[in-house]
Structure formats: C-alpha cells, structure tokens
Amino acid sequence: MAYPTLGLHIDGEWIGPEGHQVRPVVDPATGAVLADLPLAGQVDLDRALAAAARGFERWRRTPPQHRGAVLKEAARLLRERAEHIAVTATLEQGKAVRESRVEVAISANLLEWAGEETTRLYGRVLARPGGTRSLVLRQPVGPVAAFAPWNFPIANPARKLASALAAGCSVILKPAEETPGAAIEVLRALVDAGLPPGVAQLVFGVPDQVSRHLLASPVIRKVSFTGSVAVGRHLMRLAADGLLRTTMELGGHAPVLVFADADLEHALDVLVAGKYRNAGQVCVAPTRFYVQEGVLDTFVDGFLARVARLRVGHGLDEQTVMGPVANPRRDESLHQLVTDAQERGATRLTGGRRAGLFWDPVVLTEVPPDARIMVEEPFGPVASISSFRTLDEAIALANRLPYALAAFAWSESARTVLAVGDGVEAGMVGINTDRISGADSPFGGMKHSGHGSEDGPEGIEAYLATKAIHQS
Ligand code: NAD
C-alpha cells in the first residue's frame, strides 16, 4: 500500500514540494525515507491566513445541518479508507497497525459525533418584560491556529478539526512534521466530503516559525495546542500578545493507585496493555504505579508475566503489540531517564533499549521520588512501580506532581472509589478501567497539564464566543 503524496493544503489547493524547502519523513522502524515533506514559507502562511479569514466568513454562514453533513460524510470516508490510513500512520509513526486501525475508528467517531452536535449549539432567551428581548448567542470564535503532535497522527488532527469545524470556525492546522501523511488523509476526507476551500488549511514547516507567524496575525482568534509543557508555555506567551483564547493539552504523568481489595487479575490485564500501548507515548498512559502493601509482590509478578508476552516488532507485522519509539528524541530521552533512575537506586526488573528505536518494555521498582522519571513525563514504554500504605498516602502521592491529566485507581471498595474521585487532581479519572475518553466526553487536564477540554460538548464550546443582545 502506497504512502501518500505529501503536500500543504491552502485555500482548497494541494501544494507539492516544487519551490519549497523539504524535510524527509522517516519510518522509525527501519530508518527508510518514506517521502519528502514540503515546508511552508512566509508566503504560504500569509496565503493560509487570508484563506482562513475568507473561509471563516463562509463557514460561519453555512447552515449547521450542512456543516454536520460534511463532518459525517468525512467520518464515513475515513471508515471506507481505514486500511490505507492505518498503514500510513504505522509507517510514519511506528505503532502497531492494529492500534492504527482503532485510531481511525476513534477519529471517525469524533468527526461523526461533532457532526451530530452542530444542530445543538443553542443559545438562551432571558426572562424579560413584554416588548423587549434579551438573547444570549453562541457564535464561532473565528479562525483557529491548531497544533497537533505525532503520537496519534490520525486522531490528534481529527480531534482538533472536528470540534472547530462543528462550531463554525475555520482552521489552520499544523500537524507534526514527522507524521504528515495521516493528517493529510484526514483533511482529504473532509475535502472529499465537501468542505469548501479556505475552511481548513494544512501547513507544515519549522514549528517555531509557523506558530510565531500565525499567532502574530490579527486573523487568528484562538490557539489549540497538544504537546509538551515547555512548548505550551511558549505558545501561551505568544498568545498573550494577541489576547488569543487558548486550549492547552500538555501531557501527563498518570498515577495508578492499586488498592489491596482490587481485582488484581483484571487490573493487570488492562494496565499492562494500557501502559505499553503506542510504546507508552500516550499523554494519559498509566505511568506511576502505586500498589498497596500486601499485594505489591503479587502485582509485580503478574505484571512481569504479562510483559513477557508482549511482542515487539515492526508495526506492520500483524503479530506486533509494540512498535519502536517514534523518533530519536524519545529514544535518547528514555535512555537518560532510565539511566538516571538506576543511578539513583532503582531496580530494572526487565526491558531496555534494543537495536534502532526499538525498546523492550521496561519495568522499574524502588524508584526514588526525586528520580527524573518520577517527575518528568517519560512518554515511553517504562512502568515505575512502588508501594503505599493508606488511602490518604495514595491520594497525596497521586497529587504530588504539577501534572494532572489522567489518573487511575483500582478498588472494589465504594468508600475508596468515592475518596479517589473526590481527592485526586486530574482532568480524567478512570476507576477500575482505563477507558477515559470518548467522542462525547471532555478530554483535558488541570495544573501544568493544561486547560480547556477537547471532545464532547465542552470541546465545541471551546470554539464558541458568547454574545448577549438586548432589544427593546
Ligand atoms: P516538543 O516539545 O519539541 O514538541 C511537541 C509537539 O509540539 C510536536 O508535535 C512539535 O511539532 C510541536 N512543536 C514544537 N515546538 C513548537 C512551536 N514552537 N510551535 C508549535 N508547535 C511546536 O517535543 P517532542 O520531542 O515532539 O515530544 C516530547 C514531549 O512532548 C513528550 O515527552 C511529551 O511530554 C510531549 N508530548 C505530549 C503529547 C500530548 O499528547 N500531550 C504529545 C506529543 C508529545
């Protein structure tokens, strides 16, 4: 199956590499160059801004039913093209193709759900004396600059486009330069579904140049970013100059609290699969495992037994459960974090660096709390397991970091479940489950994990401005 032809998409036109600087896109499993990606220059970005301004005026006036029909047709096309898109994502990102297929399905659901929601963007009529009217309208905020990372090459772009387009905004989307093919296929589905020119542009480039240029423009009214805390902070500073609205999804360091009364077998099945999904490069991945004393040894034994069965290989091999990490930055960063943990006294029970960008799943125990991996987002296939004694201690451990995206707990006790739900600081809490997202459910964090939600009504709300109109 062929890797897609790469290009920018501006004002309804696909723009190839001619006359542009390019960068290679590489298969992380083999190091092979898949294609050359054209990079947008200032002229391209200015064209994209002008097109987004025109596209917004057109799209905001498009009947919501029509906007919804385009989104739902794009969902259908994604499902029809699922295999091609899944293979594309695996080639450029490395993940197991069975995961890429799930990602296509999730992306189609996001587009479809947002498409249904376009007719439910209600305002209010306030109670006022006869002969007067006071209305509260919800209107699209304006052209959006959106930045999506490489870890979910299909779903990250789909998520940003679905909500913004449902709300009636136009978009300039910059997906990660490492994984452009899947994003192009998501946009292609929207274009083929009838999205008018100018409503969504796709640009690639030098990230800092692109974001500085777009955020300095008076055309842009809102920034949506998914990525690291450092880049999020940087973009918020840029956004401050234009007083732009922001949605920031900045990663996590999810605690997992496993209580002695948990169904351990079920917890282990779910948690080991969840930990090493996408080679751990998931912002909501279970990361710090805190297990109640008394069941620690059983938990670790069960964890290791399941890890031993995980098959590492090229993502296109149907038997593969875990592919390589997505780029050399991850490989190097993981190497440093695991080395630092061991130097500080952690025990590595299994796993480690293999050839190329491949890792065997790593399990660490006795990791001191000040080890870098217990503080920084590892974003890789490493589980750190330690113990706790009491419920209060467990909640304090869960809340000890500035990250607050996802948290998980496993217990059969209603009292424990209530206390965890109330006490753990996180945008999403999974109790006896790792399923914490869905097209109808808000996805986002607290504290340094960012602010604002994506998906669900809250995700569309983030692209709407409030206007009160008083008539007499
Ligand atoms: P990075 O911080 O360099 O980049 C993260 C993402 O932001 C990339 O997609 C990149 O293209 C984009 N980016 C970088 N600089 C930008 C700028 N000035 N303007 C706009 N976009 C910009 O890190 P990385 O090496 O790609 O990933 C490493 C870390 O990023 C991970 O350890 C993880 O903490 C975080 N991350 C988080 C998520 C998430 O889902 N929240 C996804 C990917 C990466």
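All values below come from the heavy atoms of this structure, side chains included, with hydrogens, waters and symmetry mates left out. Whatever order the structure lists ligands and atoms in, that order sets their numbers, starting from 1. Counting from 1, the numbers follow the sequence of the chain as shown.
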Classify the contact between [X] and ligand 1 as side chain, backbone, both or neither, using a heavy-atom distance cut-off of under 4.0 Å.
| X | answer |
| --- | --- |
| Q281 | neither |
| R212 | neither |
| V229 | neither |

Report, in ascending order of atom number, the atoms of ligand 1 lying under 4.0 Å from any heavy atom of [X].
| X | answer |
| --- | --- |
| E249 | 40 (O), 41 (N) |
| G251 | 41 (N) |
| H234 | 18 (N) |
| T226 | 39 (C), 40 (O), 41 (N) |
| L235 | 19 (N) |

Ignoring hydrogens, just give me the one of [options] whose non-hydrogen atom is nearest [atom].
| atom | options | result |
| --- | --- | --- |
| atom 27 (O) of ligand 1 | W150, F147, F379, F152 | W150 |
| atom 23 (O) of ligand 1 | S333, G445, S228 | S228 |
| atom 40 (O) of ligand 1 | C283, A285, P328 | C283 |
| atom 3 (O) of ligand 1 | V231, D208, N151 | V231 |

Inset, instruction - Give every residue pair that meets the side chain to side chain donor-acceptor pair (under 3.5 Å) criterion with at least one member in residues 426-440, sequence neighbours excluded. - result: none
Inset, instruction - Answer yes if a protein heavy atom lies under 4.0 Å from atom 43 (C) of ligand 1, otherwise answer no. - result: yes
Inset, instruction - Check if K174 has a non-hydrogen atom at a distance under 4.0 Å from any atom of ligand 1. - result: yes
Inset, instruction - Answer yes or no for R330: is there a heavy-atom contact with ligand 1 below 4.0 Å? - result: yes
Legend entry - All pairs passing salt bridge (Lys or Arg N to Asp or Glu O under 4.0 Å) where residues 315-333 contributes a residue, at least two apart: R101-E318, E178-R329, R311-D317, D331-R353, E332-R353
What is the nearest protein non-hydrogen atom to [atom], stated with its residue, atom name and distance?
| atom | answer |
| --- | --- |
| atom 12 (C) of ligand 1 | F225 CE1, 4.2 Å |
| atom 9 (O) of ligand 1 | P149 CA, 3.2 Å |
| atom 24 (P) of ligand 1 | R329 NH2, 3.5 Å |
| atom 17 (C) of ligand 1 | S211 OG, 3.6 Å |
| atom 34 (O) of ligand 1 | E377 OE1, 2.3 Å |

Inset, instruction - For V284 and A254, work out which heavy atoms get closest and say how close. - result: O-CB, 4.1 Å
Inset, instruction - Can you see which heavy atom on L173 is nearest to which on F147, and at what distance? - result: CD1-N, 4.5 Å
Side-chain ion pair, [X] and [Y], N-O less than 4.0 Å:
| X | Y | answer |
| --- | --- | --- |
| D360 | R354 | yes |
| D269 | R306 | yes |
| R348 | E366 | no |
| R159 | E249 | no |
| E185 | R188 | yes |
| R212 | D241 | no |

Legend entry - Residue pair V171 / L165, side-chain heavy-atom distance below 4.5 Å: yes
Legend entry - W59 ring center within less than 6.0 Å of Y463 ring center: no
